[in-house]
Amino acid sequence: MVKLNKLFDSFIGNSLFKDKFVLQANYSPETIPHRDEQIEQIARILAPALRGERTSNLFCYGKTGTGKTLSVQYVRNIMLKRKELLEKNDSKKETNREHELKNLRIKYINCKLKKVADTEYRILAELIRKLGSKVPVTGLPTDYVYSKFIDTIDEKKQFLILIFDEIDQTVKKMSDNLLYNLTRLNSELSNAQISIVGISNDLTFLDNIDPRVRSSLGEEEVVFPPYNALQLQNILKNRASKAFKKGVISDGVISKCAAFAAREHGDARRALDLLRVSGELAERQQDKKIQLKHIDFANDKIERDKILDIIETEPKQFQFVLLAIIKLNELKKRNKEGIEIFTGEIYTTYQNLCQRTGTDVLTPRRVSDILAEFDMLGLINARVISKGRQGRTRAIRLAIPIHLLDKSKKILYESLNL
DNA sequence: CGAGATTCATGTGAAGTATACCTTTAGGCTTAA
DNA sequence: AAGCCTAAAGGTATACTTCACATGAATCTCGTA
């Protein structure tokens, strides 16, 4: 008892953090350094909405962690605040501006969230839900959901800006139907008007979609270049001063975090994670300061958590397939065979695994799709090759780092009751 | 020896099926007049 | 008669299966030099 109390005491007393939330992914700072230009562009494009006019559709490109989502959200918040303010004033003065502004709504949707917004239907449903109506998870015809959506927004005069984060994910998986329909929706609306803001990590995204959608969606484009190491340092310093107590950061920590992240195409989120996890690690080890060694550990830990999290949350059947791949990978390594694994081998191993545990066995067709999804997730690297007389197959290479294999296997075994 | 046919093992698309879930509708029961 | 509840009917999205056809280079075949 006493021991525990002591432990807790030291924990509370010795916290290195002043406000950890500042380093978390969903924190939005008051200022966004090095993105003035982009923010101004976005604001200028969306500004007409404040006058109740339709804005151009907007498309934002940039690699992960270049501040796309943040910037868009930032502009959104300011606009919403502004709207509130104007409303208050207007209702006092009773100018005619009021009704125009009251009906500006900006909704944000992240299309990557599995089981929430990763199909046409689910995105629409989520959208309707955010607008205040109810829609069942399944069972309705998609057209019906469309008309429900139209009804919901068209019942009064209003102006709607829809932000779709990471749309490339969805469109890659599904079709560009949704976008096509949405861009054409305005002609069916009598009261309301919508504009679309798309955010994409994939720079080539617009190249591969229906030209009609492209021209309408890409009316305006904003590009987010990666941060360089210097800018990253600046960002980190800013946040660190708010997040940590004074003097807990050793020299060079910030620049090392920045350097790490700069190597990863200037990913600021990565840099911030690195700093936060380093802090957590230092704290756990009861260190008074964050040191360089903590960053290295943090780097491993982040990588590990990301992958292990994916593995853990994958559906059972996917896990079986993955386990089959890992096992084959081990086997091949032990026998010093090539590192490439083929679909057929995976399927037989997978089959054995299932039979041993009494699980239903999926068809090769389905497993093929599952493998394709793993490829998208980055868990494996696959390419379709022809081995001549030995037919065609995927040549698969496991992309999980070696030092995570054991841990991954453990998770899979546990999750599958093996 | 080399061009063209063959072949293998799987990729891939389309259509079908099972499941879980939704709305609508019709019938039965209750209630109030 | 009007109102309410329930269960069946009819419909959908999603995850998966079934069927059928496409692929593409190593290998085979066979005519030719």
Side-chain angles (χ1 to χ4, degrees), chain A residues 109 111-152 169-182 208-210 310 313-325 328-329 331-332 337-355 357-377 379-398 415-416:
Chain A
I109 282 211
C111 304
K112 207 171 87 182
L113 295 177
K114 240 187 174 178
K115 300 275 179 188
V116 175
D118 59 351
T119 63
E120 190 179 358
Y121 180 95
R122 297 217 255 240
I123 290 177
L124 274 175
E126 182 65 13
L127 215 47
I128 294 175
R129 226 166 284 141
K130 290 211 168 166
L131 289 167
S133 296
K134 277 274 168 206
V135 161
V137 205
T138 173
L140 294 187
T142 309
D143 327 7
Y144 181 89
V145 184
Y146 266 108
S147 51
K148 172 126 188 174
F149 177 62
I150 294 178
D151 289 350
T152 318
Q169 296 289 325
T170 312
V171 173
K172 222 177 267 168
K173 216 173 152 186
M174 310 301 297
S175 65
D176 42 23
N177 250 326
L178 175 78
L179 289 177
Y180 179 66
N181 289 332
L182 281 178
N208 311 323
I209 60 176
D210 191 322
I310 294 177
T313 52
E314 216 62 14
K316 286 259 179 299
Q317 293 289 0
F318 284 58
Q319 291 184 336
F320 272 115
V321 177
L322 188 60
L323 185 57
I325 299 174
L328 277 170
N329 188 57
L331 193 74
K332 293 224 161 181
E337 291 172 47
I339 22 168
E340 309 230 287
I341 308 170
F342 307 110
T343 311
E345 307 172 298
I346 293 177
Y347 190 70
T348 21
T349 316
Y350 157 80
Q351 228 172 354
N352 287 336
L353 238 42
C354 284
Q355 276 157 9
T357 48
T359 321
D360 299 340
V361 186
L362 298 184
T363 49
R365 179 68 185 84
R366 180 62 184 150
V367 172
S368 178
D369 280 350
I370 291 178
L371 289 175
E373 287 199 38
F374 280 157
D375 195 21
M376 292 246 280
L377 278 172
L379 254 31
I380 59 175
N381 294 318
R383 67 205 159 88
V384 180
I385 57 160
S386 176
K387 294 195 295 170
R389 210 85 204 273
Q390 274 69 252
R392 250 156 73 90
T393 185
R394 278 197 176 87
I396 291 164
R397 195 176 295 217
L398 195 56
S415 163
L416 300 171

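Proteins come first, then strands; the chains are lettered A, B, ... in the order of their sequence lines, and each starts at number 1.
The shortest distance between side-chain heavy atoms of A:Leu182 and A:Phe149 falls below 4.5 Å. Within the 4.5 Å cutoff, the side chain of A:Ile370 has heavy atoms near those of the A:Leu362 side chain. Proximity of A:Leu398 to A:Phe374: side-chain heavy atoms (C-beta onward) are nowhere separated by under 4.5 Å.
Across the protein-nucleic acid pair, A:Phe318 atom CZ and C:dC16 atom P stand 6 Å apart, rounded to whole Å. The nearest whole Å value for the distance from the NZ atom in A:Lys316 to the C1' atom in C:dC16 is 18 Å. Distance A:Arg129 CZ to B:dC22 P: 11 Å, rounded to the nearest Å. Rounded to whole Å, atom P of C:dT23 lies 20 Å from atom CZ of A:Arg389. In this structure, the NZ atom of A:Lys148 is 11 Å from the C1' atom of B:dT23, given to the nearest Å. Counting to the nearest Å, the C1' atom of C:dA13 and the CG atom of A:Leu124 are 13 Å from each other. The separation between A:Tyr144 atom OH and C:dG10 atom C1' is 15 Å, rounded to whole Å. Rounded to whole Å, the distance from OH on A:Tyr121 to P on C:dA15 is 13 Å.
Qualifying salt bridge (Lys or Arg N to Asp or Glu O under 4.0 Å) partners for A:Arg389, counting only residues two or more places apart in sequence or in other chains: none.
Across all strands shown, A:Val145 has no heavy atoms under 4.0 Å from either base or sugar-phosphate atoms.
Taking all atoms of both residues into account, the shortest heavy-atom contact from A:Lys316 to A:Ser415 is NZ-O, 3.3 Å. For A:Glu340 against A:Ala395, the heavy-atom pair with the smallest separation is OE1-CB, 3.4 Å. Across every non-hydrogen atom of A:Cys354 and A:Val361, the tightest pair is CB-CG2, 3.7 Å.
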Note to self: Apply side chain to side chain contact (heavy atoms under 4.5 Å, CB included) to residues A:Leu322 and A:Glu314 and explain how you reach the verdict.
What the structure shows: CA-CA 10 Å; A:Leu322 188 60; A:Glu314 216 62 14; over 6 Å; no
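For the OP1/OP2 pair of C:dG24 and a distance below 4.0 Å, the side-chain nitrogens and oxygens of A:Ser386 include no atom meeting the criterion.
The distance from atom CD1 of A:Ile380 to atom CG of A:Asn329, rounded to the nearest 0.5 Å, is 11.0 Å.
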Just the atom pairs and distances: protein N or O near nucleotides 1-3 of chain B's N or O, under 3.5 Å.
none

Check: Could you run down nucleotides 10-17 of chain B 5' to 3' and tag each one B, S or - for protein heavy-atom contact under 4.0 Å?
Finding: SSBB----
